[in-house]
Peer 1: 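Just dropping this structure here.
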Amino acid sequence: MHEFIAKHQDKVTGTLSGFDRLVFRGTLRSIAHDEGMKRYLWANQVLLKDFGVHVERVSRRLKEVSLAEAEALGRPVKYLSSSQVSKEEIARGIAAKEGIRDGLVCVLTCVEPCWSFEIHRNREKRKLELEPRYRKCLFLYHYWMHPVFGFMNARIQTWFPFPVQICLNGREWLARQMEAAGLEYVRQDNCFPWIADWAKAQRLMERQLRTNWPKLLDGIAQQLNPAHREIFQKHPVAYYWSTYQSEWAIDIAFREASALRRLYPRLVQHGMTTFSSPDVMRYLGKRIPLSGDVPKRFSGEVVSDLKHRQEGVRIKHSVNGNSLKLYDKAFTLVGSVLRAEATVHNGDDFRVYRPKEGDPEGEMAWRQMRRGIADLHRRAEVSRKAAERYLDAFASVEEDTTLEELIRRLGQRQHWRGRRVRALRPFADDRRWLEAVSRGEFAVNGFRNRDLQAIFFSRAAKSPEEARRRSAWVSRKLRLLRAHGLITKITGTHRYQLTLSGRRATTAILTALRSTVRQLTAVAA
């Protein structure tokens, strides 16, 4: 982060680093398994044969008290026939239409798959059994303009064991903090192109990490189900809170939109063509051997993709459910935002210095990071460092070097190992070779003669003579690229890889060739 900002400091007005989207899940762990549920039924003197009647009565009670606030305030309660509908868009539309700034916006209900319990008649043993099973039930989605968190939502399953999911946004939260502090800002979507005092805004974001999470989350769960104590009066239970997914975002505000528009296509091309699988794994905290290869014990998958959104282009790199993203977030007259984002869904790849689970006074050691909110501080730390490493990796992109300077040498004849080598024609017939050697799958282990043959020839050679001719043809092209310094041979192997100058040259050339006239015109402007 610091390297990237130092390189572009004359164009940057401010930065923000903190949580973006946070998804918490609350579980009543003591009744989330069949034995625990049996203990609840025993405490309430409910026989297995009466299980259906009892849980239907409790479910009706939960729905009644959960919807009571909406009915009392006259807020919409809307049933959705499909779970695929964007509930957030509906809720935001209602809030915008009715000008809601505080309080409950609406409640959306939907039937979705869930994990619960059912009674099974065991004919062999001739008795009833309680079994955990997947089924469908009604979910209640509450949307609020919360006094602390801003626009947020929470849902509750209306059938035992009543799990809860709460979704917050750190930028929504920051907006409320800045309003309370009297700090002026300009907002677009969930980012801020301009803030009167960036340093003060960053301090407010850092205060979010010192939140009493159990107290705040328990308060939201109480709003979802005000009858919780009543239902569990004879068998008290409490929610265990875990972090289902977290997003840490670093926003860099550029003073002029033209500067970001000029830079961003180069960042995209650099990210898609330069970052290898070990690079992405290293950014996300995985240890890479000195050889720079993917660890042999690694059994996951590293995926990079590019997506064209309505707002712009987004690149994404994923490892085992965790990801890094870069996208242009906003273009306004007062500032434009570049966002680097680290998303953690699977904490198994990270470690936290802690005692064993269930032994708080035990020996401290680096252990697997848990989903529980007790490790939320460590999740924030590894997410921040991953986003910073990722952003600094873009600091090597040469913004001021012109395309003409990069390819000038390529357009000249070279002498290599006693032979004259023709000039390169990157915008003509040699373009296909630049595209081939810069393919993403070759960024990890390089490429061989046979790998390039597979690209340029769709069918296998019909004879040994044809196979030799193909190999010689590819060898001549490889010699051409080596003579111009674009590729180098990996010592002790038959593999080749792009050099640093080769990566820069191919990135610049292919970016120019793949850009539209409108994009190039915007850059020129």
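One-based numbering along the sequence shown. Just so it is clear, the model here is predicted, and its values are computed rather than measured.
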Peer 1: Using atom types as modelled and distance alone, determine if a side-chain donor or acceptor of Gln208 lies under 3.5 Å from a backbone N or O of Gly170.
Peer 2: yes
Peer 1: So, taking the atom named CG in Asp375 and the one named CE in Met369, what distance separates them when rounded to the nearest 0.5 Å?
Peer 2: 7.0 Å
Peer 1: State the CD-CZ distance between Gln222 and Arg229, to the nearest 0.5 angstrom.
Peer 2: 6.5 Å
Peer 1: Using a strict 4.0 Å threshold on nitrogen-to-oxygen distance, state whether Glu381 and Lys385 make a salt bridge.
Peer 2: yes
Peer 1: Show your reasoning for whether side-chain contact (heavy atoms from CB on, under 4.5 Å) applies to Asp218 and Trp241.
Peer 2: CA-CA 9 Å; Asp218 284 339; Trp241 295 104; 2.8 Å; yes
Peer 1: Can you classify the ring geometry of Phe254 versus Phe4 as parallel (below 30°), tilted (30 to 60°) or perpendicular (above 60°)?
Peer 2: perpendicular
Peer 1: In the structure I gave you, are the side-chain heavy atoms of Leu174 and Tyr185 within less than 4.5 Å of one another anywhere?
Peer 2: no
Peer 1: Measure the spacing between CZ of Phe331 and NZ of Lys329 and express it to the nearest 0.5 Å.
Peer 2: 12.0 Å
Peer 1: Roughly how far, to the nearest 0.5 Å, is the CH2 atom of Trp213 from the CG atom of Leu22?
Peer 2: 5.5 Å
Peer 1: Do Cys167 and Val23 have side chains that get closer than 4.5 Å, going by heavy atoms?
Peer 2: yes
Peer 1: Do the ring centers of His228 and Phe162 come within less than 6.0 Å of each other?
Peer 2: no
Peer 1: Give a yes or no on whether a salt bridge exists between Lys316 and Glu341, defined as a side-chain N under 4.0 angstrom from a carboxylate O.
Peer 2: no
Peer 1: With a sphere of 6.0 Å drawn around CG of Leu73, does it hold more than 12 non-hydrogen atoms of other residues, nucleotides or ligands?
Peer 2: yes
Peer 1: Inspect the surroundings of CZ in Arg207 and state if more than 12 heavy atoms from other residues, nucleotides or ligands are less than 6.0 Å away.
Peer 2: no
Peer 1: What I want to find out is whether Arg171 reaches Glu247 closely enough, with some N-O distance under 4.0 Å, to be called a salt bridge.
Peer 2: no
Peer 1: For the residue pair Met205 and Ser17, establish whether any side-chain heavy-atom pair is separated by less than 4.5 Å.
Peer 2: no
Peer 1: Would you sort out whether Leu108 and Asn153 count as a side-chain contact (heavy atoms from CB on, under 4.5 Å), showing the intermediate values?
Peer 2: CA-CA 10 Å; Leu108 305 179; Asn153 72 82; over 6 Å; no
Peer 1: CG/Leu67 to CZ/Arg75 distance, rounded to the nearest 0.5 angstrom?
Peer 2: 14.0 Å
Peer 1: Charged N to carboxylate O under 4.0 angstrom, Glu88 versus Arg21?
Peer 2: no
Peer 1: With a 4.0 Å cut-off, would you call Lys7 and Asp392 a salt bridge?
Peer 2: no
Peer 1: If I take atom CD from residue Gln9 and atom OG1 from residue Thr15, how far apart are they, to the nearest 0.5 angstrom?
Peer 2: 12.0 Å
Peer 1: Could you check whether Phe19 and Trp173 have their ring centres less than 6.0 Å apart?
Peer 2: no
Peer 1: Would you say that more than 12 heavy atoms from the other residues, nucleotides or ligands in this model lie under 6.0 Å from the OH of Tyr134, or not?
Peer 2: no
Peer 1: Please check this pair: side chain of His8 against backbone of Lys11, looking for a donor-acceptor N/O pair closer than 3.5 Å.
Peer 2: no
Peer 1: Carefully, step by step, assess Cys106 and Lys78 under the rule side-chain contact (heavy atoms from CB on, under 4.5 Å).
Peer 2: CA-CA 8 Å; Cys106 64; Lys78 186 175 181 179; over 6 Å; no
Peer 1: Heavy-atom distance under 4.5 Å between the side chains of Leu267 and Leu326, does that happen here?
Peer 2: yes
Peer 1: Determine whether Arg367 and Lys356 make a side-chain contact, defined as any pair of heavy atoms from C-beta on separated by less than 4.5 Å.
Peer 2: yes
